Trainee: 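Here it is: the structure, laid out below.
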Amino acid sequence: MYRLIARLIAESTLQTVEMVAASSLVAVLFGLPLAVLMIATRRTDLYDLPWLGRPIGWVIDAVRAIPFIILLVLLIPVTRFIAGTSLGTLAAIVPLSIAAIPYYARIAEISLQEIEPGLIEAVRVMGGTRWMVIRYVLIPEALPGLLSGLTVTAITLVGASAMAGAIGAGGLGDLAIRYGYQRFNTTIMFAVVAVLILLVGVIQGAGTLAVRAVRR
């Protein structure tokens, strides 16, 4: 009995880690460029193209306004097109990533906004190009905030991945619903909660260590 529970929890934990890791990676790969684009097009000393950045911000806010459980259902056709199915871990990564991209983009935007304008002006005065400002000033100076934002995003994705279990996405949420809730197995329910708390603690601890290392 307990061996079966341990095996189920181990498999579900790996599935959750896979979903969170993949979605976090996609969030950074697409969310960070969006944040940089919004900042760069807003500043007069860079590109000064507000007509380009503002619509992007509107789309980001529109996606963020949709509750994740509704977004899951809305994206089922997209998920089937990309993953070939709407069930399982691979399928869950699609809506998780789409939800995470605008979330991380806004967090990254806040971090990039806090950069001292004098640093950007100094690089521009010394002949630095716009790309040099982005590559050597904006991103390096905002890196602690970007890492903190990634930590928050990953923790949010842990909860979202558990919610995705309601539609058969796999992971700890699916385990809690199928074996804990539907079969009235409180042991599995408490075990899943304990693992989720531990997983969040590990992510937060790793993120804190990464931020400290960067600041040093």
Side-chain angles (χ1 to χ4, degrees), residues 5-6 8-36 39 60-61 63-69 71-72 89-90 92-115 138-166 169-177 180-181 186-216:
I5 293 176
L8 290 173
I9 290 177
E11 292 176 354
S12 298
T13 301
L14 289 176
Q15 292 173 353
T16 296
V17 170
E18 180 183 349
M19 287 187 285
V20 172
S23 303
S24 298
L25 178 60
V26 174
V28 173
L29 291 177
F30 290 90
L32 181 56
L34 287 175
V36 171
I39 292 294
I60 286 175
D61 290 339
V63 176
R64 291 175 62 214
I66 303 174
F68 181 67
I69 192 65
L71 190 65
L72 276 172
T89 302
L90 180 61
I93 293 174
V94 176
L96 284 171
S97 299
I98 293 176
I101 289 171
Y103 185 85
Y104 182 71
R106 279 303 187 192
I107 295 179
E109 181 192 14
I110 293 173
S111 298
L112 293 168
Q113 281 179 336
E114 296 176 352
I115 303 303
L138 283 181
I139 295 178
E141 291 294 326
L143 192 55
L146 295 176
L147 289 174
S148 296
L150 178 58
T151 302
V152 174
T153 301
I155 291 174
T156 302
L157 285 171
V158 171
S161 67
M163 192 184 305
L172 291 168
D174 181 60
L175 178 65
I177 291 173
Y181 174 72
T186 55
T187 300
I188 289 184
M189 288 290 287
F190 284 121
V192 168
V193 171
V195 173
L196 286 172
I197 293 174
L198 178 61
L199 186 58
V200 168
V202 170
I203 294 174
Q204 183 62 63
T208 301
L209 290 175
V211 171
R212 288 177 181 175
V214 169
R215 285 178 175 169
R216 288 175 184 172

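Hydrogens, waters and symmetry mates play no part in the numbers below; they use all other heavy atoms, side chains included. Owing to the predicted nature of the structure, the values given are computational and were not obtained by experimental measurement.
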Trainee: With side chains defined as the heavy atoms from C-beta onward, is the minimum distance between V28 and L150 less than 4.5 Å?
Mentor: yes
Trainee: CZ of R215 to CG of L143: how many Å apart, nearest 0.5 Å?
Mentor: 10.0 Å
Trainee: Do any pairs count as a salt bridge (charged side-chain N to carboxylate O under 4.0 Å, His left out) and have a residue in residues 193-211, sequence neighbours left out, and if so which ones?
Mentor: none
Trainee: Which heavy-atom pair separates V20 from A154 by the least distance, and what is that distance?
Mentor: CG1-O, 3.7 Å
Trainee: What distance do I155 atom CD1 and S24 atom OG have between them, rounded to the nearest 0.5 Å?
Mentor: 10.0 Å
Trainee: What residues form a side chain to side chain contact (heavy atoms under 4.5 Å, CB included) with A108, not counting sequence neighbours?
Mentor: L32, A35, Y104, L146
Trainee: Restricting to side-chain hydrogen bond (donor to acceptor under 3.5 Å, both in side chains), what partner residues turn up for S97, sequence neighbours left out?
Mentor: none
Trainee: Testing T156, I60, V63 for side chain to side chain contact (heavy atoms under 4.5 Å, CB included) with Y103, which one passes?
Mentor: T156
Trainee: How many angstroms lie between atom CD1 of I101 and atom OG1 of T153, to the nearest 0.5 angstrom?
Mentor: 11.0 Å
Trainee: So how far is it from Q15 CD to I93 CD1, rounded to the nearest 0.5 Å?
Mentor: 10.5 Å
Trainee: Taking everything shown except R212 itself, do over 12 heavy atoms lie less than 6.0 Å from its CZ?
Mentor: no
Trainee: Please list, chain by chain and in numerical order, all residues satisfying side chain to side chain contact (heavy atoms under 4.5 Å, CB included) with L14, sequence neighbours excluded.
Mentor: none
Trainee: How close do S148 and V211 get, counting heavy atoms only, and between which atoms?
Mentor: OG-CG2, 3.4 Å
Trainee: Of the non-hydrogen atoms in L96 and L157, which two are nearest, and what is the gap between them?
Mentor: O-CD2, 3.7 Å
Trainee: How far does OG1 of T16 sit from CE of M19, to the nearest 0.5 angstrom?
Mentor: 4.5 Å
Trainee: I need the L72 CG to I98 CD1 distance, nearest 0.5 Å.
Mentor: 10.0 Å
Trainee: Does E109 have any side-chain hydrogen bond (donor to acceptor under 3.5 Å, both in side chains) partners at least two apart in sequence or in another chain, and if so, which?
Mentor: R42, R106
Trainee: Taking the side chain as everything from C-beta on, heavy atoms only, tell me whether I39 gets closer than 4.5 Å to Q113.
Mentor: yes
Trainee: side-chain contact (heavy atoms from CB on, under 4.5 Å), that's the test. Do V158 and L196 meet it? Break it down for me.
Mentor: CA-CA 8 Å; V158 171; L196 286 172; 3.7 Å; yes
Trainee: List for me each residue that meets side chain to side chain contact (heavy atoms under 4.5 Å, CB included) alongside S12, sequence neighbours excluded, and say none if there are none.
Mentor: L172, L175
